[in-house]
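Take a look at the structure below.
This is a predicted model, so every value here is computed, not measured. Order of the sequence lines sets the chain letters (A, B, ...), proteins ahead of strands, with each chain counted from 1.
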Amino acid sequence: MVDEALEHLVKGIVDNPEDVSVNEKTHRRGATLEVRVNPEDIGKVIGRNGRTARSLRTVVSALAGRSVRVDLIETDEER
Amino acid sequence: MSEDLKEVGKESPQEEKKSLAARLEEEGDVAADYLEGLLDIADLDGDIEIGIENDRASLVIEGGELNHLVGKSGEVLDALQELTRLAVQTSTGERSRLMLDIDGFRAEKRESLAELAEKTAEAVKSSGESIKLQPMNAFERKIIHDTIQKIGLTSESEGEDPDRCVVVLPS
């Protein structure tokens, strides 16, 4: 549910929603949600001083009921 | 360019008001879609009311079991409001100053801050000395300033966020 919620939140604030994808990666210390966005949108999802990235993490952690790590990645990377 | 500006200036106040209302209505609709989508995915029950208040779009979600979307001090609500404003900006191309409230959190906050402002004003009046309040965010400071102004005293903000606070001055 949380990955879907994050995808919805990000898709609504970018210019290229079709390029948004979310992957959940679990590791020993918990889960990380990796969000891939079009390189044109990376500045938008990070925001001034990381404000938007912080807002995304705050809302998603609240929905999950635990602290969730959110990584924002440009689609070109790691291909 | 300057002619265009003149044209806009010529518009009757009524027309201007109408276009503002139409714009705010659109803001409210976009914002409601964004929030409704989130509630659906999270399987949360909530009714969204859209309105216009002080020349801003206003959205209120009433659900009853949405405390976690407010957060201890409203930090989740602020984050959600921020994202919703961005969603509106992405859709309309214009910056949004919409206000989001969940289960009356902001309404209650407004009331308690207005009370604080009134008490502070009393103290300033009787002592003749200015009083500096705790650091507050922009929303909270505005309520203090507005209330102080209504009472007939003056106030100003000093310091930088997140330590910016209101000082109430004897008139």
Side-chain angles (χ1 to χ4, degrees), chain A residues 1-24 30-75, chain B residues 26-46 48 57 59 61 63 65-96 98 100-103 105 137-139 160-162:
Chain A
M1 174 277 272
V2 182
D3 51 340
E4 224 186 306
L6 180 58
E7 187 174 318
H8 171 78
L9 289 172
V10 174
K11 277 187 170 173
I13 61 169
V14 296
D15 293 323
N16 305 282
E18 66 282 0
D19 291 341
V20 175
S21 65
V22 176
N23 265 305
E24 184 164 359
T32 299
L33 291 175
E34 287 185 346
V35 187
R36 286 186 163 68
V37 300
N38 187 297
E40 281 175 21
D41 288 321
I42 192 77
K44 260 194 137 168
V45 293
I46 292 172
R48 194 155 46 97
N49 299 325
R51 187 169 166 176
T52 309
R54 210 157 43 236
S55 293
L56 287 168
R57 196 181 57 221
T58 301
V59 173
V60 165
S61 295
L63 287 171
R66 66 192 151 84
S67 170
V68 176
R69 205 179 129 171
V70 175
D71 283 351
L72 303 166
I73 306 165
E74 294 180 21
T75 37
Chain B
E26 189 194 348
E27 270 193 31
D29 286 342
V30 174
D33 281 346
Y34 186 66
L35 293 166
E36 224 155 47
L38 183 69
L39 293 178
D40 276 350
I41 291 167
D43 204 16
L44 293 168
D45 284 327
I48 303 178
L59 288 105
I61 309 178
E65 280 178 47
L66 300 170
N67 282 344
H68 60 304
L69 282 186
V70 174
K72 271 197 197 109
S73 53
E75 72 281 2
V76 184
L77 176 60
D78 284 339
L80 195 55
Q81 174 177 282
E82 175 76 16
L83 293 173
T84 308
R85 285 178 173 180
L86 289 173
V88 169
Q89 191 181 342
T90 301
S91 167
T92 65
E94 307 237 4
R95 277 186 77 137
S96 168
L98 71 85
L100 174 65
D101 198 0
I102 296 178
D103 285 336
F105 177 83
N137 67 30
F139 164 77
E160 295 293 320
D161 276 323

List the atom of [X], the atom of [Y], and the distance in Å for their closest heavy-atom pair.
| X | Y | answer |
| --- | --- | --- |
| Asp103(B) | Gly63(B) | OD1-N, 2.9 Å |
| Leu59(B) | Ala32(B) | CD2-N, 3.7 Å |
| Gly28(B) | Ala57(B) | N-CB, 4.2 Å |

So, does [X] use its side chain to make a donor-acceptor pair with the main chain of [Y] at under 3.5 Å?
| X | Y | value |
| --- | --- | --- |
| His8(A) | Leu35(B) | no |
| Asn16(A) | Val37(A) | no |
| Asp41(A) | Asp15(A) | yes |

Under a 4.5 Å heavy-atom cutoff, which of [options] has the most pairs with chain A?
| options | answer |
| --- | --- |
| Gln89(B), Glu82(B), His68(B), Arg85(B) | Glu82(B) |
| Leu86(B), Leu83(B), Thr84(B) | Leu83(B) |
| Ser91(B), Gly71(B), Ala42(B) | Ala42(B) |

Below 4.5 Å from any heavy atom of chain B, which atoms of Val2(A) appear? Answer side chain, backbone, both or neither. neither
Below 4.5 Å, heavy atoms only, C-beta onward: do Leu39(B) and Ile48(B) meet side chain to side chain? yes
Going by heavy atoms in the side chains, are Asn137(B) and Pro162(B) under 4.5 Å from each other? no
Are there residues of residues 52-59 of chain A whose heavy atoms fall under 4.5 Å of chain B's heavy atoms? If so, which? Thr52(A), Ser55(A), Leu56(A), Thr58(A), Val59(A)
Tell me, for Leu44(B) versus chain A, whether the close heavy atoms (under 4.5 Å) come from the side chain, the backbone, both or neither. side chain
